[in-house]
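What follows is a single structure, written as structure tokens, with notes after it.
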Amino acid sequence: MTHLLVRAARGERTERPPVWLMRQAGRHIPEYREIRADYGFREAIEDPEVATRITLLPWDLYEPDGVVMFSDILTVLEPLGFDYHLESGVGPVVENPVEGPADAERPRGTVAEDLDFVGALLDNLVKRVGSETAVIGFAGGPFTLASYAVAGGASRNHGPIRRFRARHPEAFRTLLAAFADVVRDYLEYQAAHGADVVQLFDTYAGVLSPADYREFVLPLHREILSDLSVPSIVFVRNMAGRLDSLDTAGADVVGLDWTVDMADARETLGDRPVQGNLDPQYLFGPTDFVRERTRAVIDAAGPRGHILNLGHGVNRDTPVESVRAFVETAKSISR
Ligand SMILES: Cc1c2[nH]c(c1CCC(=O)O)Cc1[nH]c(c(CCC(=O)O)c1C)Cc1[nH]c(c(CCC(=O)O)c1C)Cc1[nH]c(c(C)c1CCC(=O)O)C2
């Protein structure tokens, strides 16, 4: 059986839109917060049994059309030669950030060895729910990873990596290319372990000027995504007005944030399958409002090649009832 999510990713007409949520396995779920009281963030990610339990929390609550492996985009920093941890209240911290242009390339590890816990997690998921729902893998994109690697953590408007691009364009290019090589290996590794679909989160690449995105990042997106052995989704925020660029990133599906009007996106992108794009903050409104706005997204996207999702990750403290209303709206459709 081909999963509904895969059929939509290929651009088929579906009887209803498949639905999942970015960051569905996380802090909006009370049981997640309980598990995290017993395990550190990296401990949870690196223990395949704990990561399996966390991945399946939203499956137990909502039965979405895909389960996204519980992991983080930053895990791949390890084979790239960076150490990191998550600091509560601060966010991710990279302990040995890029020091300068000479530091753009470091000795690299191997994905299959350094990230063997991800393969074990995917094996578990395929065994447990693979016949019922799609298993979704993912990786961070080169720009988003490089932003953390250069700034050493979250940064306001990604100033450090943008300054690095201005001062050291060749080192910037080398750094991104090294990241892209590992990311491609990593996504193929996930496909080999049974991921049905993979998503590239280059969430922050939209802070670049259109010309810089086209020159430095787009060719790498193509290198990563073209000819992968499973369908792929590309997600970059703040690309309203330049979806034509994103359309050529090599992905089967273009992810849309909530600042894009779905009907406009359809006009620009033609037959290209799309994913999105309800504003995650709408889930803090009344459930009738959630249903109505979700229905509007589904109607604007039409019956062919649409994966219903939020326009970005689900926020912490989002009511479980709202997420349920969102998923049920997709499931109630029959066409
Ligand atoms: C930039 C980025 C990161 N991580 C990710 C991105 C790209 C996409 C996006 O912007 O949403 C992607 C990500 N992070 C996580 C997933 C898991 C799968 C899913 O449910 O979608 C995915 C796909 C789990 C996580 N990753 C993280 C958590 C929270 C961990 C916790 O506090 O328990 C989860 C559930 C930690 C993390 N990791 C990162 C950030 C910014 C944070 C939050 C820091 C904070 O606010 O405390 C880096």
Side-chain angles (χ1 to χ4, degrees), residues 19-46 50-62 64 66-78 82 84-94 118 121-122 125 133-156 158 161 179 183 186-187 190 195 197-207 233-239 255 257-258 275-277 280 307 309-318 323:
V19 57
W20 68 286
L21 294 86
M22 291 183 266
R23 297 261 179 128
Q24 66 189 16
R27 286 178 294 198
H28 86 282
I29 300 178
E31 289 81 355
Y32 172 82
R33 299 196 293 265
E34 284 166 23
I35 295 173
R36 280 283 279 102
D38 296 334
Y39 298 91
F41 183 61
R42 290 197 53 174
E43 261 181 323
I45 279 179
E46 292 173 16
V50 177
T52 301
R53 257 172 78 202
I54 295 175
T55 303
L56 295 178
L57 293 173
W59 173 248
D60 293 339
L61 284 171
Y62 317 115
V67 290
V68 54
M69 62 177 196
F70 178 71
S71 194
D72 197 82
I73 64 162
L74 301 177
T75 51
V76 83
L77 287 180
E78 192 128 32
F82 299 90
Y84 76 96
H85 64 272
L86 189 69
E87 211 158 287
S88 146
V90 176
V93 176
V94 177
V118 174
L121 165 61
L122 288 168
L125 295 174
T133 191
V135 173
I136 304 169
F138 67 86
F143 181 83
T144 302
L145 292 169
S147 172
Y148 284 105
V150 168
S155 56
R156 182 181 287 238
H158 309 279
I161 184 76
F179 283 20
V183 166
Y186 185 38
L187 291 177
Q190 294 174 26
V197 177
V198 293
Q199 176 156 325
L200 184 72
F201 282 95
D202 217 350
T203 312
Y204 305 144
V207 303
I233 304 163
V234 64
F235 180 73
V236 182
R237 272 183 60 185
N238 297 313
M239 292 297 277
D257 73 15
W258 70 92
Q275 172 173 280
N277 72 343
I307 299 169
N309 205 316
L310 302 178
H312 194 193
V314 61
N315 286 290
R316 68 196 303 174
D317 303 326
T318 299
V323 178

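Counting starts at 1 for both ligands and their atoms, following the listed order.
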- Around atom 1 (C) of ligand 1, find the nearest protein heavy atom and jot down its residue, atom name and distance. Y204 OH, 3.2 Å

- Query: So which heavy atom in the protein is nearest atom 33 (O) of ligand 1, and how far is it from that ligand atom?
  - Reply: Y32 OH, 2.5 Å

- The atoms of ligand 1 lying under 4.0 Å from a heavy atom of V68, numbered in the order shown, are 18 (C), 19 (C), 20 (O), 21 (O)

- Quick one: does F235 get a heavy atom under 4.0 Å from ligand 1? no

- Task: Can you see which heavy atom on H28 is nearest to which on T318, and at what distance?
- Result: CB-O, 3.7 Å

- Counting heavy atoms only, which of R42, M22, R23, H28 is nearest atom 13 (C) of ligand 1? R23

- Item | N or O pair under 3.5 Å between Y148 and ligand 1 | no

- Message: Is it the case that atom CZ in R316 sees more than 12 heavy atoms from other parts of the structure closer than 6.0 Å?
- Response: no

- Which bit of V90 is near ligand 1, meaning a heavy atom under 4.0 Å away: side chain, backbone, both or neither? neither

- Query: What closest approach, in Å, do V118 and Y186 show between heavy atoms, and which atom pair accounts for it?
  - Reply: CG2-OH, 3.4 Å

- What heavy-atom pair brings I45 and A51 nearest, and what distance separates the two atoms? O-CB, 4.0 Å

- Among non-hydrogen protein atoms, atom 12 (C) of ligand 1 lies closest to I73 CG2, 3.6 Å

- For atom 7 (C) of ligand 1, which protein heavy atom lies nearest, and how many Å away is it? T203 OG1, 3.4 Å

- Query: Under a heavy-atom criterion of less than 4.0 Å, does R33 contact ligand 1?
  - Reply: no

- Message: Under the criterion side chain to side chain contact (heavy atoms under 4.5 Å, CB included), I'd like the reasoning laid out for T55 against L121: C-alpha separation, chi angles, the key distance, then a yes or no.
- Response: CA-CA 9 Å; T55 303; L121 165 61; 4.0 Å; yes

- Message: Centroid separation under 6.0 Å, is that true for the rings of F235 and H312?
- Response: yes

- Query: Among Y84, Y39, F41, whose heavy atom sits nearest atom 28 (C) of ligand 1?
  - Reply: F41

- Please report which non-hydrogen protein atom sits nearest to atom 10 (O) of ligand 1, along with the residue it belongs to and the distance in Å to one decimal place. H312 NE2, 2.8 Å

- Task: Show your reasoning for whether side chain to side chain contact (heavy atoms under 4.5 Å, CB included) applies to F201 and R237.
- Result: CA-CA 9 Å; F201 282 95; R237 272 183 60 185; over 6 Å; no

- Query: Does the gap between the ring centers of Y32 and F70 come in under 6.0 Å?
  - Reply: yes

- Item | Which residue and heavy atom of the protein sit nearest atom 46 (O) of ligand 1, plus the separation | R27 NH2, 3.3 Å

- Message: Heavy atoms only: which of A25, S71, G91 lies closest to atom 17 (C) of ligand 1?
- Response: S71

- Task: Kindly identify the option in W20, F70, F138 whose heavy atom sits closest to atom 22 (C) of ligand 1.
- Result: F138

- Query: Which atom pair, heavy atoms only, marks the closest approach of N238 to D257?
  - Reply: N-OD2, 2.7 Å

- Task: Looking only at protein heavy atoms, identify the closest one to atom 18 (C) of ligand 1 and say how far it is in Å.
- Result: M69 O, 3.5 Å

- Show your reasoning for whether side chain to side chain contact (heavy atoms under 4.5 Å, CB included) applies to V207 and F143. CA-CA 10 Å; V207 303; F143 181 83; 3.8 Å; yes

- Query: Do R42 and Y84 meet the cation-pi criteria used here (NZ or CZ under 6.0 Å from the six-membered ring centre, within 45° of the axis)?
  - Reply: yes

- Note on the structure: min-distance protein heavy atom vs atom 48 (C) of ligand 1 -> D72 OD2, 3.6 Å

